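Because the structure is predicted, anything quoted here is derived from the model rather than measured. Just the heavy atoms: all of them, side chains too, but no hydrogens, waters or symmetry mates, feed the values below.
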Amino acid sequence: MKNKIFRLSILLFLGLFFLAGLNFSAQKGKLLNYDVLIKNASVFDGSLKPPFKADVAVKDGMIVKVGKSIKGSAAKVINGKGLYVTPGFIDLHTHVDRGMYFAENRACLNYLKQGVTTVIVGQCGTSAWPIFEKAEDLMKVWSEEGIGPNAALLIGHGRVRQIVMGMEEREPTAEELEKMKALVKEAMEQGAYGLSTGLIYRPGSFGKTDEVIELVKVIAPYGGIYHTHVRNERDKLLEAIKEAIEISDKSGAPAHISHFKVMGKSNWGLVKEACTIIEEARAKGIKVTADQYPYQFSNGYPYRSPIPRSAWLGIEETEGTERVETERLTSEDVEAIFNHLRDSQLIELYKKVTPYYPVSKRHLQFLNEIPRNRLVRLVSRSLISSGNFRGPGNTKERNMFLARMANPEEAQKIREQIREHIDNVTGPENFIVGICVEKNLEGKSLKQVAAMKGKSVEDTAIALELMGAKCIPLQMGEEDIEYIMKKDYVGTGSDGTAPPYGIGLTHIRSYSTFLHKIKKYALKRKSVSVSHVIRSQTSLPAKIMNWDDRGWIKNGYKADIVVLDLNNIKTRTSISNPHAYSEGVKYLLINGELVLDGGKWTGKLPGKVIKLKKLT
């Protein structure tokens with residue numbers, strides 16, 4: 001009897017053990033259903049439709065299910081109640097490659113905090129990789145070491161021209177043009193996504209329309225896209241837009257207009273005519289799109305003096321002519337200092353200051369092969385910038401300016417020049433004090449400061465300059481910004497950078513573009529709907545870049561996902577303090593991996609280099 005009971009006990013124990021094993025296996029299976037499961041969220045799927053309630057399931061880097069009450073377990077469950085799910089934001093125009101080249105900024109945290117999951121880099125005619133490298137070099141490093149957001153790389157027209165022709169202002173020879181085309185083709189073969197131009201920057205500005213057309217023809221068979229900082233964003237905007245359309249039409253590649261805007265108060269309103277030109281081209285089947293950043297001021301370093309340089313220095317400045325500054329240090333003076341050194345000495349000096357350290361074999365080869373005059377220029381400008389010896393901090397310039405102001409006739413002329421400059425740029429009501437020793441003036445316009453101090457606008461500008469204040473001109477009109485924003489072919493591009501946090505002065509767009517656009521223009525001003533802004537940052541950029549696997553919250557799409565606290569967005573940047581991370585993105589997934597968890601970076605670098613494959 002005892003043996004029978006013992007045997008039954010053993011069998012019962014084994015049975016329970018077996019059942020426990022089955023239960024454990026079942027539980028383990030449930031854990032493997034999904035990697036991430038977002039529950040009870042409101043979903044903006046990338047369309048113009050209002051948000052809908054749904055769960056979103058992610059597995060192996062992909063969105064595998066979108067629907068109500070998704071069953072199953074996941075390694076990470078996110079409670080989406082009160083939160084909004086959107087596709088990851090795609091930045092159509094950014095210069096973060098400059099910072100992301102270095103390991104410290106590889107995460108691009110200022111963009112992750114905005115919800116950006118993909119960036120298009122190598123803009124404004126400057127390739128995404130340094131002049132001494134190839135596209136494949138940067139792609140290899142980023143792929144092996146990891147990056148925060150996904151990245152698509154462009155080759156720059158200005159960089160290609162510089163490699164072949166230096167900074168010479170002339171048309172290329174037939175041989176030089178072929179070399180330029182070969183460089184473009186090489187980059188496209190390595191996976192670059194298209195060609196960018198910066199037609200207001202040297203040496204890109206030296207290239208005529210026909211030259212650009214020939215280079216863009218090279219990218220067309222690959223399905224490449226022509227991104228352009230057009231030749232003029234002021235009074236000749238319409239001609240510049242027409243040139244971009246002509247390049248697209250004659251090359252066969254889509255044209256994408258970067259940071260679409262018009263600058264200068266006297267030019268406000270021209271964007272309406274520019275949009276008409278774009279829409280007429282689109283109606284003819286020419287592929288033309290654009291992006292914008294939602295701010296009234298421009299430039300990576302947006303601070304400008306309210307005193308024109310000609311007035312400060314006392315020189316005549318005529319458009320299209322060179323200034324002669326015999327009493328001040330120039331770049332040519334600096335080059336002359338270094339010109340007596342041997343090439344080997346120049347290279348050794350360069351090694352001591354270049355941020356690209358240690359100098360690679362390819363970098364060294366580049367230095368040894370460039371013409372001597374270019375080597376001297378590169379080294380001299382790497383060590384000494386003549387711009388460091390200019391402005392109110394330079395005692396000589398300051399004293400020379402004050403001496404001229406002591407002459408009543410000269411002082412009157414200076415005041416007239418200052419007033420004309422301010423009126424032409426944007427008007428005293430739109431010239432804003434950004435950083436000043438008198439903190440109560442920060443955020444005030446020149447007009448307001450003049451009233452506070454009981455001085456003329458001109459004398460106020462002089463006083464601010466002499467105390468080292470940094471001012472920002474609001475060169476774009478708010479009405480123009482909103483008009484462009486409403487167009488269904490205009491996406492979002494920050495034009496920002498990835499600087500070391502807190503170092504230097506930068507445009508606030510580097511930290512806040514995407515959330516600022518939602519908060520100010522959709523939630524506050526209601527210029528456009530939230531769905532419209534989300535589309536401009538997700539599915540529209542994906543369509544522009546010909547990506548059919550991202551930009552939507554749909555089954556089978558890449559799991560680049562923003563989980564946003566829409567009603568608690570905080571953009572903490574200001575023109576007085578541009579370095580401040582945005583808040584509101586609670587969770588961020590890139591290729592299915594959690595990059596922000598509770599708003600904090602997880603330390604992961606799951607971004608991929610998106611390579612363009614030649615059309616078949």
Distance-only polar pair, side chains of His229 and His259, donor-acceptor under 3.5 Å | yes

Electrostatic pair Glu465:Arg398 at N-O distance under 4.0 angstrom = no

Test item: Thr197 and Tyr226 side chains (from C-beta on) under 4.5 Å apart, heavy atoms | yes

Just wondering, do Met100 and Ile147 contact through their side chains at under 4.5 Å, heavy atoms?
-> yes

Classify the side-chain pair Tyr581/Thr573 by whether it contains a donor and acceptor separated by less than 3.5 Å.
-> no

His95 side-chain N/O to Cys124 backbone N/O, donor-acceptor pair under 3.5 Å | no

When you check the side-chain N and O atoms of Ser536 and Lys517, is any donor under 3.5 Å from an acceptor?
-> yes

Pairs satisfying salt bridge (charged side-chain N to carboxylate O under 4.0 Å, His left out), at least one member in residues 495-512, at least two apart | Asp495-Arg509

For Arg377, which residues count as a salt bridge (charged side-chain N to carboxylate O under 4.0 Å, His left out) partner, sequence neighbours excluded?
-> Glu335

Salt bridge (charged side-chain N to carboxylate O under 4.0 Å, His left out) contacts touching residues 100-125 (sequence neighbours left out) = Arg106-Glu145

Classify the side-chain pair Tyr295/Ser512 by whether it contains a donor and acceptor separated by less than 3.5 Å.
-> yes

From the list Asp91, Thr513, Asn110, side chain to side chain donor-acceptor pair (under 3.5 Å) partner of Ser494 resolves to Asp91

Point-to-point distance, once rounded to the nearest 0.5 Å, from CE of Met476 to OG1 of Thr426 | 9.5 Å

